[in-house]
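Remember, it's a predicted structure, so these values are computed and weren't measured experimentally.
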Amino acid sequence: MMGASTASARGVEAFQFNIAGLAYTNKTDISFSRVTYLQGTDVYINNISLAQSLGSGSVLGLAINQFDFGSIPITSVSQPDGTLGTYSPQVLNISLAYAKKFSNSITGGLNLRVISEGLTNVTANGVAIDAGVQYQTTLNGKDAKKKAIKKEDFRFGISMRNIGPNMQYSGSGLSFRSINPTTGADRRAYMGSESFNLPALVHIGASYDMRLDNKSTETYYHRLTTHGNFNYNAFSSNVTTIGLEYAFKETFMLRGGYGFQENGTSTTDYRSQYYGAAAGVGVALPISKSGTRMNIDYSYAPTRVFNGIHNITIALVIDSKK
């Protein structure tokens, strides 16, 4: 839904949008996703996430995010044909999170992320913190005539991401051979590397569940959820997104979203690779009567360059409350 789920992200998916949603893990969540990033570039993103309830509303989470760039030929001015071997850039994020349910309405969370990126001989390492809160309440109360079950249907969320000190590249790859023209001394010199800020951002979002059936059960046979989100980016244009999710018995879901980027037609301001729209489908397959299920989700987002982004996620959700 183009990242419009700041208010409604639950379980391990909260790592990517609002870490406060991690607190809704009832027992154990395990998730793996594989992203084909800008299809045609042979770049992939692998994610594995784990969330474990500690009791009393507390949840501990661990996530590993790794970019796979494949093997890139090494070239030089004198040997431009790539006969010098290959290399592969490294981008790795390891996150450790804690979230807590303070009440039935309010949750909060913190995420500490270790960042490592670079090449074999040039690297940059850093740390960042994510923080978020979510609030939920009931706008549409129990209907005496329809005998509908009262359920939280409105959600609001705020999250901040990538808050941390500057990063800087270092390593032997920044060195070069320097010969003193006066003395003829041959020595190794290093080029300076400028430090850079982390791409901080703030999400503000809300969602509302609409029941499309008249059943008197807690499970909505037909649910339509509207999502809205404003994304403030420190180094790129701000983005406002809207999303829709239709669910049938909470087992089959259809999702779609659209993002409006400020200065989207400007030729000088930075624009993200996303073209604006996204869509996806998901199924939740029950495994046991205790509530354990397997979730399978697929999404696609077209991009301004190359052939879009594909994402497939498989998650095992163990719910001891059912």
Side-chain angles (χ1 to χ4, degrees), residues 15-16 35-48 63-96 111-131 160-202 231-239 261-263 266-274 303-306 309:
F15 272 104
Q16 304 299 327
V35 179
T36 301
Y37 186 73
L38 299 176
Q39 186 178 22
T41 63
D42 292 331
V43 177
Y44 302 92
I45 307 173
N46 301 308
N47 297 274
I48 185 168
I64 300 175
N65 173 279
Q66 180 258 342
F67 280 66
D68 179 7
F69 294 92
S71 297
I72 303 174
I74 299 175
T75 61
S76 66
V77 175
S78 59
Q79 294 179 290
D81 296 327
T83 58
L84 301 174
T86 62
Y87 74 97
S88 180
Q90 169 193 315
V91 177
L92 179 66
N93 296 272
I94 301 176
S95 300
L96 181 64
N111 179 37
L112 175 65
R113 185 167 58 256
V114 178
I115 307 165
S116 177
E117 58 184 44
L119 307 175
T120 303
N121 54 3
V122 179
T123 59
N125 300 297
V127 294
I129 293 177
D130 302 342
M160 299 183 297
R161 300 176 59 202
N162 296 334
I163 308 300
N166 293 348
M167 293 177 59
Q168 186 174 20
Y169 283 97
S170 62
S172 61
L174 296 176
S175 65
F176 62 97
R177 184 181 182 187
S178 175
I179 300 177
N180 191 308
T182 304
T183 64
D186 190 348
R187 62 181 182 178
R188 180 68 61 180
Y190 285 87
M191 295 180 288
S193 174
E194 187 72 21
S195 63
F196 59 93
N197 303 118
L198 297 179
L201 62 157
V202 177
N231 185 10
Y232 170 79
N233 296 297
F235 298 108
S236 62
S237 299
N238 301 328
V239 179
Q261 188 167 7
E262 293 181 5
N263 302 319
S266 172
T267 58
T268 57
D269 292 340
Y270 172 80
R271 293 181 293 165
S272 73
Q273 70 276 15
Y274 296 101
T303 55
R304 295 188 299 109
V305 293
F306 296 100
I309 297 175

Is there a side-chain contact between [X] and [Y], using heavy atoms and a 4.5 Å cut-off?
X	Y	result
Phe196	Gln168	no
Thr75	Leu84	no
Asn162	Asn197	no
Ile309	Thr303	yes

Quick one: list whatever passes side chain to side chain donor-acceptor pair (under 3.5 Å) with [X], sequence neighbours left out.
X	answer
Arg188	none
Asn46	Arg34, Gln66
Ser71	none

If we ignore hydrogens and angles and just use 3.5 Å, is the side chain of Ser236 paired with the main-chain N or O of Asn233 as donor and acceptor?
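Not at all, since once roles are kept as given, no pair shorter than 3.5 Å links the two residues.
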Ignoring hydrogens and angles, tell me if any N or O in the side chain of Thr36 forms a donor-acceptor pair with the backbone of Gln39 under 3.5 Å.
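The answer is no, because no donor-acceptor pair under 3.5 Å joins these two groups.
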Show which side-chain atoms of residues 85-96 pair as donor or acceptor with protein atoms under 3.5 Å away, not counting sequence neighbours.
residue	atom	partner	partner atom	Å
Ser88	OG	Gly70	O	2.9
Gln90	NE2	Ser116	OG	2.8

Check: Glu117/Tyr169 side-chain N/O donor and acceptor closer than 3.5 Å:
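Judged by distance alone, the side chains do pair up.
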Arg113: salt bridge (Lys or Arg N to Asp or Glu O under 4.0 Å) partners, not counting sequence neighbours:
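For Arg113 the salt bridge (Lys or Arg N to Asp or Glu O under 4.0 Å) partners, ignoring immediate neighbours, are Asp130.
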Going by side chain to side chain contact (heavy atoms under 4.5 Å, CB included), name the residues that satisfy it together with Thr123, two or more places apart in sequence or in a different chain.
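Thr123 satisfies side chain to side chain contact (heavy atoms under 4.5 Å, CB included) with Asn125 once adjacent residues are dropped.
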